[in-house]
Amino acid sequence: MDSKEIFCSKCGFVVDEKTDDRRPDRSFGESDSNRSHAGDKSSLVRHDRGLSTVIHSVDRDSTGNPLSSTMKSSLVRLRRWDSISRVKSNDERNLRYALGEILKLKEKLSLSEAISEKAAYLYRKALEKKLIRGRSISALVAASLYAACRASETPRTINEVANAIGVRRKEVTACYRLIFRELDLKMPVVDTVSCIAKIASNADVSEKIKRDAIKILKKAERQHILAGKHPMGMAASALYLAGISAGEIKTQRDIADAAGVTEVTVRQRCKSLRQIT
DNA sequence: TAAGATAAGAGGGACAT
DNA sequence: ATGTCAGTCTTATCTTA
């Protein structure tokens, strides 16, 4: 379990990411042979990957002298072309909007930079494959972001993502399945242990119970009763049962709410878990 | 009041037609 | 393409302790 973020174990707020940019900065001065890192890191979240050239509007040349009138008029032409070509196709307009949405969601869900980059990458691929046709941008954004979370083993539910962007869950799941299939995504199996961590932080459960719950899940895994079940539901039930045997009672309601599933689901999973303990 | 039981319904995968 | 089937999860309601 190596999620790329450092977060508060109580509330899940992302404090920092483990992605430092430690490459040397611009180094023209001493040795011209090493120009490896001039300029900003190129980012997938910028629609032009942050590689655009800006034609400044001050009419001076690089040494600060005023320009001749012929140079001025050709600059005006250049600027016009530049502004026209910057956002030219529909796809780029689409991308610009989508990437903005990704950044908004990243803030709302306190996700790491690495994840928004991944989501942006997925969205680009989806766009290339013409998968947006007939679907809303928002739904595809949500799906990309959710996929990025899954890929990074950062537990966020489809519901959370869908609510944050205001799209019906149904559409997000449909888009997620679509990009999953079309882009040949490989997802790591959902780690029930990290589900435990998330629920525990939501429901304020002690360390001991967390450990007990993990033991229960390991046992269940060996007996293959986890397959096909909602991982959050399984984790919630394990936590609930662990709480009971340790005397620290949490109600089904509390646990179910913390896990984002219903009490009934918790009860169903409890039935199968009780059979193996 | 919490926990358990039960029923109806939604949404999607597998498989056949 | 469309329909059916088994299985899962949700919502709602009722009963039990």
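Note on naming: letters A, B, ... go to the chains in the order of the sequence lines (proteins, then strands), and numbering restarts at 1 for each one.
Distance CZ (A:Arg267) to C1' (B:dA3): 6 Å, rounded to an integer number of Å. A:Arg269 places its CZ atom 10 Å from the P atom of C:dT10, with the value rounded to the nearest Å. To the nearest angstrom, P of B:dA2 lies 14 Å from CD1 of A:Ile244. The CZ atom of A:Arg253 sits 11 Å away from the P atom of C:dA12 (whole-angstrom rounding). Between A:Ile158 atom CD1 and C:dC9 atom P the separation is 14 Å, expressed in whole Å. Protein atom CZ of A:Phe180 is 15 Å distant from nucleotide atom C1' of B:dG12, rounded to whole Å. Taking atom CD on A:Gln268 and atom P on B:dT6, their separation rounds to 11 Å, with Å as the unit. Separating the CD atom of A:Glu263 from the C1' atom of C:dC14 is a distance of 14 Å, rounded to the nearest angstrom.
For A:Thr265, no side-chain nitrogen or oxygen approaches OP1 or OP2 of C:dT8 to under 4.0 Å.
Residues A:Tyr97 and A:Val161 are members of one and the same hydrophobic cluster, defined by side-chain heavy-atom contacts under 4.5 angstrom among Ile, Leu, Val, Met, Phe, Trp and Tyr.
The side chain of A:Thr173 sits closest to B:dG12 out of C:dC9, B:dG12, B:dG4. Picking from C:dA12, C:dC9, B:dA3 the nucleotide with the shortest atom distance to the side chain of A:Thr251 gives B:dA3. When distances run from any side-chain atom of A:Arg177 to the nucleotides B:dG12, C:dT10, B:dG4, the shortest one goes to B:dG12. The A:Gln252 side chain lies nearest to B:dA3 when the options are C:dT8, B:dA3, C:dT10.
Contacts classified as salt bridge (charged side-chain N to carboxylate O under 4.0 Å, His left out) and involving residues 176-187 of chain A (residues at least two apart or in different chains) are not found.
Checking A:Tyr146 against A:Arg150 by side-chain atom types alone, a donor-acceptor pair falls below 3.5 Å. A donor-acceptor contact under 3.5 angstrom links the side chains of A:Tyr123 and A:Asn94, judged on distance only.
Side-chain atoms of A:Asp254 never come within 3.5 Å of backbone atoms of A:Lys250 as a donor-acceptor pair (strictly under, hydrogens ignored).
Across all strands shown, A:Thr262 has heavy atoms under 4.0 Å from base atoms, whether or not it also approaches the sugar-phosphate.
At least one side-chain heavy atom of A:Ser206 sits under 4.5 Å from a side-chain heavy atom of A:Ile209.
Counted within 6.0 Å of NZ on A:Lys229, heavy atoms from surrounding residues, nucleotides or ligands total more than 12; the atom is thus considered enclosed.
Listed by residue number, the members of residues 159-172 of chain A with any heavy atom below 4.0 angstrom from DNA chain B are A:Lys170.
Along DNA chain B, the nucleotide nearest A:Tyr240 and the nucleotide nearest A:Ala174 are compared for position; the residue whose nucleotide lies closer to the 5' end is A:Tyr240.
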